[in-house]
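No hydrogens, no waters, no symmetry mates; every other heavy atom, side chains included, goes into these values. Every value quoted in this text rests on a predicted model; they were computed, and no experiment measured them.
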Amino acid sequence: MMVAGIEVPVIGSDSIKWIDLTIPSSINHIDNGGFAPPTADSASATYVDGDDPFYLICRIHMAQSNEFPHNTGLRLSFSHPLSAFALVSAFPTKSHYLLYTITISGIAYFIKLSKDLTSIFSRDELIELDVRAYSNCNEPITCMAANLGCLLLGRNDGSVTCFQLGSLHKTAPGFVSELRDDSGVSLGRLWGFMSRGRGVGAVQDLIIKEILGKKVVFVLHHDGILRAWDLLSRNKILSHAMTVPTSLEGATSTRLWLGEFNSDSSIFPLAILYKSTLEVSMEVIYVYSLCCSTGERISLSVDSSVKNFPVDEGGCIDVKLTSDKIWILKDNGLAYHHLFNSSNMEEAHCYALQEEFIADQLFQSSEHTSDDLISIISSILSSGKDQIVPFVSSIFLRKILHPGVYHNKVLRSTFLDYSKHWTDNEFQSLTVDGLKKEILSLVEHESMAESPISIFQGWKNFCCRYFQYWCKKNAPYALIIQSTSGAVGLIRKHSVSLFRSLENTELLTDGLSEDLGDLASFGLDLFNDNSDREILFEVLRCVVNISQQLGKTASFVIYESFVGRQSISSEEIIPRLLKILGAGYGPSTRAGYLSGFGSDVALEREQRDHKNLRKFSVDMLLSLHDLCKKAASWRKILDVIESYLQFLVPKKFTQNSGAETLSCLNNSILVQASCQIAKVMFEYALDILLFVSYLVSIGGQTPFKRNLPLASLTFGSNIQINMVHDDITRIQVDLVPMIEEIISEWLIILVFCTTPSESPAIEDFSSQLSLLQIDNKINKRSWREKLGKCDFTLASLLLLNNQSSSGYERHLSLGCLLNPHEIITSVQKFASWIVWGNTGEVSSSFLRRSTELAIVLLRNGQYDAVEANARRERIFRSIQDTSGDWCLLQHLLGCCLVAQTQRGLHGVLKGRKVSEAVSCFFRAASGEGASQALQSLSDEAGLPYLGFNGHVSSAWKLHYYQWVMQLFEQYNVSEGACQFALAALEQVDDLGLGGDGFERDSSNESTTTIKGRLWANVFKFTLDLNLLNDAYCAIISNPDEESKYICLRRFVIVLYECGAIKILCNGQLPLIGLADKVERELAWKAERTDILAKPNPYKLLYAFEIHRHNWRKAASYMYLYSARLRTDTVQKEQQHMSITLQERLNALSAAVNALQLVHPAYVWIDPLPEGYSLRNEHYPHKKAKTTKLEYEIVLTSAEYQLSLANVKWTYSGIGKAPSDLVELLVLTNLYDTAFSVILKFWKDSELKRELEKIFSAIALKCCPSTVSSSRTRSHSLLLTSSKDEVVVHGSPGMEPTGEQTKANCHWETLEHYLVRIFCLEKYKNFHSRLPVIVAETLLRTDPHIELPLWLVKMFKENQRERPWGMTGPEPSPASLFRLYVDYGRYTEATNLFLEYVEAFASTRPVDIINRKRSSAVWFPYNTVERLWCQLEGLIKSGHMVDQSDKLKRLLYKSLLNHLKQVSSIERRWLFWIIFVFGFSLLTIWHNFTCFQLKVDSVDAGSSAG
């Protein structure tokens, strides 16, 4: 069977936008089946003629009917399962469409559909009909047919029921009629009034055919009788018993087809399918001639001539008849035969179905095994699994996502086998890269081991499942034959296809396998000599031998090396494939088999490979010897090969408008067919390349050095072909470049047709702008939405873009179909347009055409495609190009590489892209003819007109480098932008001051301005890269002062924001001439920055000035920092006040410390100069000494301590001593701070008063009667000032915990500070009455309080020497005695007096003589007198009589003993005074007489009161 063509996918349900509608039903049947044929997958097509013809395709699947014209589909869901019949036809006026269908339960539907097939025309036009209600007998329906306004139902009893559904109301007369062959009864009467008798078999098939203006119904019965009826008159016009073929025993007729009427012969071809199920199932199609004669009535007869067509392999799916051909669709292919050929031995012409192509792509065909793939890859890639596994996975992924192979329903079904579930939205949102990741993850997860063999087996299993689901989901349903154009189509379950004829090269390859040598029949009319044809035939046989030895997997590997992973270059693959041809697979392949399959399988495959290698070597030896015999020399052979190569070059067509030329075919068909043909041509060109390389390798010479370094190869077969050096040189110099040129041309077509388009990046501005749909071009917007989908390739994008740009945007429907040969012609024109453009001129440069296509791809965001195209050009083309095309390609490649950096690349990958882009732009600028070529690019390509007329290289390069710099800046790639900014600076230096013919642009910028702008850009880019040192170098290199200052300000801001400002303060950068500006910028930043920000700018200024040894300015900035803290924090909420106060305290301390480094004569803080930006009301307006800072430190410390106790206090100035502050500090137990404030702010008598107040306050806290009420009394101690507001908050330290515990704490505090102050000699002599104040406060508050021992000791032990009496400096025993008497502590007073009197009485004379100092003996007689009087008063009042009397007697006795020690005169006077005048006169006398006991003492005068 001769292969005549191949199936080409057109459109699949993946590309259809479905509109779902549910058909309501008002009829409910208990019996849901059995009355009509069961549901089965089926399809049909209806041709709708008109200005824009198209096919309406109807498919029944389960309970749904789908119609999809163009790119939209209507999915109708019925309540009951449908039978295997549906018809969609157009209304004569084309205003709407009609749908006839029936359910298996016998409910017929007549539905009017809208013109755009998106909805039901009208709810009123939806008719349901229960056909069972019109049948007296329950004869089931066996088949159905319909025509406009008529529904025919064939029944099991042989009758045909006619319903005028859609033309008459169901209650109207004549709505139902019957076509029935009853003996002796006229036909056409109503079936309800006629007798019934079974005279014929069940109806097998129905066809309604219009013959000479009349509708004729052909009925095929089960018993082989064919009848024809005039549908209008209901008269039978034919009844013929079709003879059952004798060769088919037990065969029955099952299907009927009727061909087109031949007006010349008045014959209809009629085909009947016979099936025999006895023993072996057989199917045969018999074709009869149905003769038609006209007259008053139509007369039909069946001619005796019969032709049969056995259906040998595969079941018959559908048959179509034309006037002279029969098309038979089987499971394994589509075949057609000529009906009226005199020879019965004519061989059928076969069209290969898509299943064969899918099997070939997924390694499921029998022509080669997938094991060849792993064998070749293992031999080529010797680096191990790190390269083999990704390479193998990339090949399989590319095959699965190949156009025509990929189908989302198939892939989702395959995913389900791996327990991977997707929702519709999730799956539709996946891009091509997303699909690859998901598939790869499933395969790697299934392949537990990471060895190449394990991964390979995982891919084999995945592809096997995918192929099975593909065949199931895309089963063929029906044929479409368009006799007017000769087009042939196929309706599948989820797709539609057309068939194309084979290209000449495909025919030639297939012809060689059939031993056909007529080269002229394949279009090869280049050879007039028969000997040349024989030579070519032998050459092609050798080429086929090499192709069969390596298998089709070799081309897959080479193609992957071109477009896929760069594991190995294409230049290295050819030598290694030749090594396989000579020595077989390498040891790594055997090792892989051994580890993956075991020793037995490895040995078996090794033996098989060795056997195949020996057979190939022998065959090639014989073929080459035969070739040498037929050709006189190798020169003639090479001439034939060179002539044949012209046959492989894409043909050139002159196309003034590519869109109009290519518009006659649906883009999908064109892309798919081009993909198939380009693949064949690419593989065949590779086979030719392998053949000539093989000749060189066995010719005894070193292989050509252009791209194939084969010098080290050795071959197992010692084939001598006696090729001279000139022949080898010719192959290397002439043939190999020519073959590579052909490979590159078909490769570019194949890549465009198979590579899915990229989805636009989110941040791509052009894509976002296109989404606004400003241009109102619906088609352009629709195809832009397809970007990133597997079925929308680069070729589709180029076609639609060309049609859109040329204004040819008419939608191409399936009604505009081409026959198989016209598809080939269109593909050739498309290939010519891709390679040569619209002109098709021989002189046209393919490199220039590649550039034009790259511009289109670049404009549509296809960056990866442009990069791949440019890299392939670098492989196949020499860079020695004088027209500038190479420079253009480098420029476009650079643009794409820059754009790719925005697609999620990071780290090393992004850096590599940037580096390559920089190299491309520099190469573009350095090539010959770059200036004119780059200026020729359109604005859409991304490079506007540069705007200069000079020819100086530096001039245009300056503009170009600046443009590239802006491009990198646009994509936020600072590395590349910085390099081109520096390159532009070099060009400015080369230009000098504008001489050498350089014409300035309209801006007329000076050299300084240009350099300033460029250095500013360098600064910006280096700063973005965090190259701080380089950024600073750019600043100091900037000759433009204004630009320099702006950069410096930005530098400071960025350093501050990124936390690197310290490099300005630690001397890391040389601030030569910029120190004042840096300081000014830091001060400017400090003024405009939040005071609590980190890092703090004032601290940076402090460090900056400290590093410059400017101590006083450093102190000034820290003092200003403190002032701002005081001002700004008051204006804000009081949050973290303690932290702020701590900062203020640290700032003041730092200022003081800085001033300590200044010479004492210059210790002050300077006021801010006029015009300085930093201003603060708390900052001094004139020189401030350190005393002011010390005052602020004390106050700030106090405020900080109070804030820690949750007490708020602020001060407005330091001129006034804060007396209320001391009370607040004492109240919160902050005694250290309180004493610091007192000692700092008060002097002399004011200091004494404040000390007395603080100790009195502390003493009050020690009194038990005041502890519990200390909170209440503390409020009374605090006065509110008009300036300094005092707010007291609760303090944890002030809460009463236990009376005794708290009292003990206060006693310890009082003792600590009183002893501490009193022990200081300075304050002891300054204010010695502090113990007296404390004791008096205690006794005044609580007269019954017991004074602590330590306090009493301070009164008694204050004297340095042993006291003589109760005299001495404060605090003295006399003071304590007085306090006791004043506050009614008579017992303690009496005991104290007795203690000192007894001590005086016990003094020995020797002690007086030996004393170091002279002193007087003195007692407080006035106080003693008051004590005496108080005791007498108590006795008289009757209060404490016994105790008072006892004390009085003790006092009397003590005084009496004391007086005995004085002289007798003194004693007499004393007794007389005591008994006569009392103690008062005694005291007066004592003070004003000379009765004293004088001693030699320096203190005698001061001690005697």
Side-chain angles (χ1 to χ4, degrees), residues 13 16 18-46 56-69 73-89 97-113 117 119-121 123 125-135 138-148 150-156 160-161 163 165-166 170 203-208 255 317-318 409 472-473 475-478 491-494 496:
S13 58
I16 300 299
W18 293 104
I19 300 173
D20 293 323
L21 293 178
T22 300
I23 305 302
S25 177
S26 59
I27 302 175
N28 295 319
H29 268 294
I30 299 176
D31 184 10
N32 290 326
F35 189 70
T39 302
D41 292 336
S42 61
S44 62
T46 302
L56 278 175
I57 301 173
C58 180
R59 178 176 61 87
I60 296 178
H61 175 63
M62 297 300 292
Q64 298 173 341
S65 174
N66 303 334
E67 294 79 35
F68 41 96
L74 182 63
R75 183 182 288 123
L76 304 179
S77 300
F78 293 83
S79 303
H80 304 279
L82 295 180
S83 182
F85 169 77
L87 173 69
V88 178
S89 63
Y97 303 98
L98 306 177
L99 169 64
Y100 293 91
T101 188
I102 188 170
T103 66
I104 62 175
S105 58
I107 301 175
Y109 285 90
F110 170 77
I111 304 173
K112 287 186 179 182
L113 303 176
L117 290 173
S119 62
I120 297 176
F121 184 75
R123 286 288 180 180
E125 301 297 339
L126 192 155
I127 301 176
E128 287 182 281
L129 180 66
D130 189 355
V131 300
R132 184 175 293 187
Y134 293 88
S135 177
N138 291 326
E139 291 294 340
I141 299 172
T142 57
C143 61
M144 292 146 284
N147 203 331
L148 184 62
C150 181
L151 175 65
L152 303 180
L153 302 179
R155 297 183 180 274
N156 194 41
V160 177
T161 305
F163 294 91
L165 193 61
K170 58 184 178 181
V203 177
Q204 290 290 95
D205 205 353
L206 286 174
I207 294 179
I208 301 177
R255 294 287 303 276
I317 299 174
D318 194 14
K409 292 184 181 297
K472 181 180 179 181
K473 297 290 183 180
Y477 279 178
I491 304 175
R492 291 181 173 270
K493 187 174 182 178
H494 287 106
V496 180

**Message:** Assess the residue pair Leu98 and Phe110 against the criterion (side chain to side chain contact (heavy atoms under 4.5 Å, CB included)); give the C-alpha distance rounded to whole Å, side-chain angles, the decisive distance to 0.1 Å, and a yes or no.
**Reply:** CA-CA 7 Å; Leu98 306 177; Phe110 170 77; 3.6 Å; yes
Nearest 0.5 Å, please: how far is [atom2] in [Y] from [atom1] in [X]?
X	Y	atom1	atom2	result
Arg255	Asp318	CZ	CG	6.0 Å
Thr103	Asp130	OG1	CG	8.5 Å
Lys473	Lys409	NZ	NZ	7.5 Å
Ser83	Ile107	OG	CD1	12.5 Å
Ile104	Ile141	CD1	CD1	11.5 Å
Cys143	Leu206	SG	CG	3.5 Å

**Item:** Nearest non-hydrogen partners of Leu151 and Ala108, listed with the distance
**Value:**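 Of all heavy-atom pairs spanning Leu151 and Ala108, the closest is CD2-CB, 3.8 Å.
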**Message:** Run the side chain to side chain contact (heavy atoms under 4.5 Å, CB included) test on Phe163 and Leu153 for me, step by step, so that the C-alpha distance in whole Å, both residues' side-chain angles and the decisive distance to 0.1 Å come before the verdict.
**Reply:** CA-CA 8 Å; Phe163 294 91; Leu153 302 179; 3.6 Å; yes
Under a 4.5 Å cut-off applied to non-hydrogen side-chain atoms, are [X] and [Y] in contact?
X	Y	value
Thr161	Val131	no
Lys112	Ile127	no
Tyr100	Asn147	no
Tyr109	Glu128	yes
Thr101	Phe78	yes

**Asked** Can you list the steps and then say if Leu76 with Leu99 is a side chain to side chain contact (heavy atoms under 4.5 Å, CB included)?
**Response** CA-CA 11 Å; Leu76 304 179; Leu99 169 64; 3.5 Å; yes
